[in-house]
Structure formats: structure tokens, C-alpha cells
Amino acid sequence: QVQLVESGGGLVQAGGSLRLSCAASGSIFVINVMGWYRQTPGKERELVATITSGGNTNYADSVKGRFTISRDNAKNTVYLQMNSLKAEDTAVYYCNADIKTLRSPWQYFDYWGQGTQVTVSS
């Protein structure tokens, strides 16, 4: 089994910063893309940022220049540094990873964390 566990969410004032972490554990063979998504009530989950195992990154236009995604491949962990937070960044943030497990090393499966709440007060 594979688990993704997020941490670092919370309440922050507009203009402040938060750092999210997501650690993958379990029967992991290899991890390809890791990323962060967010969702607010009544809306679809949306991409925030992704990073490949080689370090190539992709960001939603709404967070470019404010958020930075990074990862530590040795720790199977992805981070999201969020600066200059705005009220509209308020959402549940989910970690995502494409993982080949030891049991199925020929195919990537999509895994999600349980989500962490980020609330930005204006």
C-alpha cells in the first residue's frame, strides 16, 4: 500500500506565507510526477503545480510568481511554498503522485493525499 500524508496547512493573513509538505510512503518502486491540487466547495479540483522527478515544474497562472513547488526524491516528499497569499487561495490542498509500486512495477498509479485546509483571511 502507498500513502500520501500532507502537512502544513492552516490559517494565515493575506500577504503571509505557508509551506505545505507531502510525504509518500509504503511499497514504492518509483515516483514520477508529484503535484498539488486544490478544491473549494462547489468547484472542481484544480491544478496548482506539478514537478517531475527531474525537477521540471508547471504552475497554474493564478499562482505563478507566488508559489514554488520542490521535491526531495530521497525522501519521497514534495513541498509547496506559498507566498503572498490571497483570500482566493483559500481551499483544501491535495497532494498527488504517479507511483509505480513494488507489487506493480510496470504501471503508474495515481495516488492522492487526504487534503489539508488552507485558509487566508483578508
Side-chain angles (χ1 to χ4, degrees):
Q1 292 291 341
V2 172
Q3 285 187 322
L4 301 182
V5 179
E6 300 120 333
S7 61
L11 174 65
V12 64
Q13 289 188 335
S17 298
L18 280 176
R19 188 189 193 213
L20 304 183
S21 300
C22 172
S25 63
S27 301
I28 296 170
F29 179 56
V30 66
I31 303 177
N32 187 13
V33 179
M34 301 185 82
W36 292 94
Y37 293 73
R38 65 188 182 187
Q39 190 171 22
T40 54
K43 292 188 176 181
E44 292 188 356
R45 193 170 296 186
E46 64 175 7
L47 168 74
V48 176
T50 60
I51 184 168
T52 67
S53 57
N56 292 320
T57 58
N58 180 50
Y59 294 93
D61 287 343
S62 59
V63 307
K64 282 181 181 177
R66 301 187 298 121
F67 291 10
T68 302
I69 189 170
S70 60
R71 66 191 278 177
D72 184 332
N73 291 329
K75 295 182 178 180
N76 292 334
T77 299
V78 63
Y79 306 95
L80 186 68
Q81 178 67 43
M82 304 185 292
N83 298 328
S84 302
L85 282 161
K86 304 176 181 180
E88 50 263 43
D89 294 318
T90 296
V92 178
Y93 283 71
Y94 295 91
C95 175
N96 174 266
D98 294 331
I99 298 174
K100 288 182 179 179
T101 66
L102 295 173
R103 188 172 182 177
S104 301
W106 55 85
Q107 182 178 359
Y108 282 104
F109 291 93
D110 205 31
Y111 291 89
W112 291 91
Q114 80 285 357
T116 184
Q117 176 71 46
V118 172
T119 303
V120 183
S121 63
S122 58

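Fair warning: this is a prediction, and the values are worked out from it, not measured in the lab.
Expressed to the nearest 0.5 Å, how far CG of D110 lies from CG of D98 amounts to 5.0 Å. To the nearest 0.5 Å, the span separating OH on Y111 from CD on Q1 amounts to 7.0 Å. The distance from the CD1 atom of I31 to the CD1 atom of I99 is 4.5 Å, given to the nearest 0.5 Å. One distance of note links CD of Q117 with OG1 of T90; it measures 7.0 Å at 0.5 Å rounding. Taken from CD in E88 to OG in S122, the straight-line distance is 9.0 Å, to the nearest 0.5 Å. Here the straight-line distance linking atom CD of Q13 with atom OG of S121 works out to 5.0 Å at 0.5 Å rounding.
Applying the side chain to side chain donor-acceptor pair (under 3.5 Å) definition to pairs two or more places apart or across chains, those involving residues 17-33 are S17-N83. Listed by first and then second residue, the side chain to side chain donor-acceptor pair (under 3.5 Å) pairs involving residues 44-55 are R38-E46, Q39-R45 (not counting sequence neighbours).
Judged by distance alone, the side chain of E6 and the main-chain N or O of G115 form a donor-acceptor pair under 3.5 Å.
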- Item | Check against side chain to side chain contact (heavy atoms under 4.5 Å, CB included), I28 and T101 | CA-CA 5 Å; I28 296 170; T101 66; over 6 Å; no

- Item | side chain to side chain contact (heavy atoms under 4.5 Å, CB included) assessment of W36 paired with V63 | CA-CA 12 Å; W36 292 94; V63 307; over 6 Å; no

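Partners of D61 under the salt bridge (charged side-chain N to carboxylate O under 4.0 Å, His left out) rule, at least two apart in sequence or in another chain, are K64.
Summarising the geometry of D89 relative to R66, their closest heavy-atom pair is OD2-NH1, 2.7 Å, with the distance given to 0.1 Å. Residues L20 and G9 share a closest heavy-atom pair of CD2-N, 3.5 Å. For S70 against I51, the heavy-atom pair with the smallest separation is CA-CD1, 3.8 Å.
Note on Y108 and M34: separate hydrophobic clusters, where clusters join Ile, Leu, Val, Met, Phe, Trp and Tyr whose side-chain heavy atoms are under 4.5 Å apart, directly or indirectly. Under the 4.5 Å side-chain heavy-atom criterion for Ile, Leu, Val, Met, Phe, Trp and Tyr, L80 and Y37 are members of distinct hydrophobic clusters. With hydrophobic clusters built from ILVMFWY side chains whose heavy atoms lie under 4.5 angstrom apart, V33 does not share a cluster with V78. Cluster annotation: M82 is not connected to Y79 through the hydrophobic network of ILVMFWY side chains, with a link wherever side-chain heavy atoms come within less than 4.5 Å. Cluster annotation: Y94 is not connected to I69 through the hydrophobic network of ILVMFWY side chains, with a link wherever side-chain heavy atoms come within less than 4.5 Å.
In this structure, F67 and Y93 have tilted ring planes: the angle between them lies in the 30° to 60° band.
Applying side chain to side chain contact (heavy atoms under 4.5 Å, CB included) to L18 and the options T119, V120, V118, T116 leaves one that passes, V118.
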